[in-house]
Amino acid sequence: MSLTADQFNPFPGGPSHSCCGDLLLVSEFSYLHEREHKRELRLESARKGTAIAVSTQADLERTLIFALRSAFVSTLQAKAVLQLAKDNLAYYDHVLDISRTRYKAGDIAQIDLDRLELQRVQYESDLETAEVNLRTAKITLLTLLNDRTPIDKYDVAGTSISATNCCRRMSSGRLPWETGQT
């Protein structure tokens with residue numbers, strides 16, 4: 001219930017219409033009457049909206065943990081591929097040394113030696129690609145961890161158990177971007 005007083009006179013020029021002179025008194029009474037349990041339905045809707053938000057949050061955490069594990073495994077894989085590319089190039093250099101010796105002995109022609117030396121470029125290309133892939137995988141992992149360590153100084157070792165431990169730390173509430181630590 002409310003009572004309002006206003007100095008607005010809707011009928012100017014005539015006698016006063018109330019005991020208060022030019023004041024216009026207005027009283028109002030209002031009551032919100034809801035039908036068919038609308039309040040309960042709104043409360044239920046709000047509870048369900050909260051449940052959806054909680055579920056969405058849990059889904060985002062699962063997605064983040066999956067992305068972190070994938071980045072960790074990709075980094076380990078890229079590191080292994082880089083080592084394999086280095087080993088392949090070293091072995092091919094050994095093959096080239098043997099081929100040069102064979103060329104000096106007259107066992108193979110100059111064109112064959114040139115072809116073998118030209119094929120070394122493919123191994124060098126594989127090595128460069130592996131280095132770029134490792135760098136990209138490290139950048140992805142460091143981004144997910146919110147770690148500012150320089151890429152050249154960051155190394156990953158271990159198995160997926162290390163990723164699981166890191167994910168457990170993240171899901172326990174100690175997220176690196178919240179604590180400022182990694």
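All residue numbers refer to positions in the sequence shown, counting from 1. Quick note: numbers below take in every heavy atom, side chains included, and nothing from hydrogens, waters or symmetry partners. It should be emphasised that the depicted structure is a prediction, and the values quoted were computed from it without experimental measurement.
No single ILVMFWY cluster, assembled from side-chain heavy atoms under 4.5 Å apart, contains both L82 and L141. Both V156 and I151 are members of a single hydrophobic cluster when ILVMFWY side chains are connected at heavy-atom separations under 4.5 Å. Cluster annotation: L144 and I139 are assigned to the same hydrophobic cluster (Ile/Leu/Val/Met/Phe/Trp/Tyr, side-chain heavy-atom contacts under 4.5 Å, transitive).
By the 4.5 Å heavy-atom criterion applied to side chains, Q122 and Y92 are not counted as neighbours. In this structure, R135 and D152 have side chains that are in contact, with non-hydrogen atoms separated by less than 4.5 Å. Looking only at side-chain heavy atoms (C-beta outward), Y91 and V95 come within less than 4.5 Å of each other. Annotation: side chain of D126 is not in contact with side chain of N88 (no heavy-atom distance under 4.5 Å). Taking 4.5 Å as the limit, every side-chain heavy atom of D59 sits out of range of all side-chain heavy atoms of S55.
Of the inter-residue distances, the one linking I98 atom CD1 with L116 atom CG reads 11.0 Å to the nearest 0.5 angstrom. Atoms CD and CG, from E117 and L113 in turn, are 4.0 Å apart once rounded to the nearest 0.5 Å. Remark: R39 CZ to L43 CG distance equals 5.0 Å, nearest 0.5 Å. Distance check: R100 CZ to I108 CD1 gives 10.0 Å after rounding to the nearest 0.5 Å. One distance of note links CG of L76 with CG of L134; it measures 10.0 Å at 0.5 Å rounding. How far CD of Q57 is from CD1 of I52: 14.5 Å, rounded to the nearest 0.5 Å.
A85 approaches A130 most closely through the heavy-atom pair CB-CB, 4.2 Å.
Looking at E40, R42, K48 one by one, the single match for side-chain contact (heavy atoms from CB on, under 4.5 Å) with E44 turns out to be K48.
A distance-only check finds a donor-acceptor pair linking the side chain of K138 to the backbone of Y154 [under 3.5 Å]. No donor-acceptor distance shorter than 3.5 angstrom exists from the side chain of S45 to the backbone of L41, with no hydrogens or angles considered. At least one donor-acceptor pair closer than 3.5 Å links the side chain of T136 to the backbone N or O of V132.
A salt bridge does not link R102 with D112: every distance from a Lys NZ or Arg NE/NH1/NH2 to an Asp or Glu carboxylate oxygen is 4.0 Å or more.
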